[in-house]
Amino acid sequence: FGEEVIEKMIELGMILDITHCTPMARCRIYDIVGQRAPIIASHVGAYAVNPNPYNLRDEEIKKISDSGGVTAVIFMNYWLMPHATNRGLNFISRTIEHFIHAGGIDSVAIGTDFDGFTDRPDDLPNAAELPRLTQRLIADGYSVPHIRKILGENVLRVLKQGWKKKI
């Protein structure tokens with residue numbers, strides 16, 4: 001039944017978010033969807049930075065990128081690096097860098113999850129502090145066009161693609 005739901009979602013232009021899926025479910029979704037529709041991971045970490053089974057492996061980030069989707073970094077210590085709670089901005093930056101390395105600049109975004117039950121980074125506790133992330137991206141050498149993609153343009157592209165579908 002789940003596979004039929006995925007097919008119907010693709011047909012309707014719904015955005016497929018694999019964030020809360022098990023690794024096995026994610027793999028099946030990648031197989032079903034392929035490049036027919038964008039897949040997103042709206043708030044996740046990178047397995048290579050923090051090896052947790054719910055964080056995405058490089059090959060998954062690449063599959064999301066190949067689908068035209070977006071992988072968005074969560075702002076939660078546990079998913080970024082569970083033993084470094086006061087250095088969230090460092091691990092957000094490392095995770096963004098890793099997502100770009102694995103999937104390219106057109107497939108990375110931020111997915112703070114500030115509205116969820118998260119252990120927020122001490123140095124980025126709420127949306128009012130997001131300019132610190134922008135400053136960090138500038139310091140890390142990202143161009144203004146790349147920063148714009150990371151901070152929202154990539155997500156808007158995927159949303160607009162889904163909204164184009166007719167029911």
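Ion pairing of K160 with E153 is absent here, as no side-chain N (NZ or NE/NH1/NH2) approaches a carboxylate O to less than 4.0 Å. A salt bridge links K62 with D66: the closest approach of a Lys/Arg side-chain nitrogen to an acidic carboxylate oxygen falls below 4.0 angstrom. Under the 4.0 Å criterion applied to side-chain N and carboxylate O atoms, R132 and D123 are not assigned as salt-bridge partners.
Using modelled atom types, one side-chain atom of N55 and one backbone atom of N50 make a donor-acceptor pair closer than 3.5 Å.
Taking hydrophobic clusters as Ile, Leu, Val, Met, Phe, Trp and Tyr residues chained together by side-chain heavy-atom distances below 4.5 Å, L156 does not share a cluster with V70. Residues I74 and Y47 are members of separate hydrophobic clusters, defined by side-chain heavy-atom contacts under 4.5 angstrom among Ile, Leu, Val, Met, Phe, Trp and Tyr. I18 and M24 fall into different hydrophobic clusters, where Ile, Leu, Val, Met, Phe, Trp and Tyr side chains are chained together by heavy-atom contacts under 4.5 Å.
By the neighbour-count criterion of 12 heavy atoms within 6.0 Å, atom CZ of R148 is sparsely surrounded, having that number or fewer from other residues, nucleotides or ligands.
Looking at every heavy atom in both residues, I61 comes nearest to H98 through CD1-CD2, 4.3 Å.
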Stepwise, does the side-chain hydrogen bond (donor to acceptor under 3.5 Å, both in side chains) test hold for T71 with S107? CA-CA 6 Å; T71 305; S107 66; 5.5 Å; no
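Atoms NZ and CD, on K63 and Q35 in that order, are 11.0 Å from each other to the nearest 0.5 Å. A distance of 8.5 Å separates CD1 of I6 from CD1 of I39, quoted to the nearest 0.5 Å.
When the options I64, I40, I10 are evaluated for a side chain to side chain contact (heavy atoms under 4.5 Å, CB included) with L16, the one that passes is I10.
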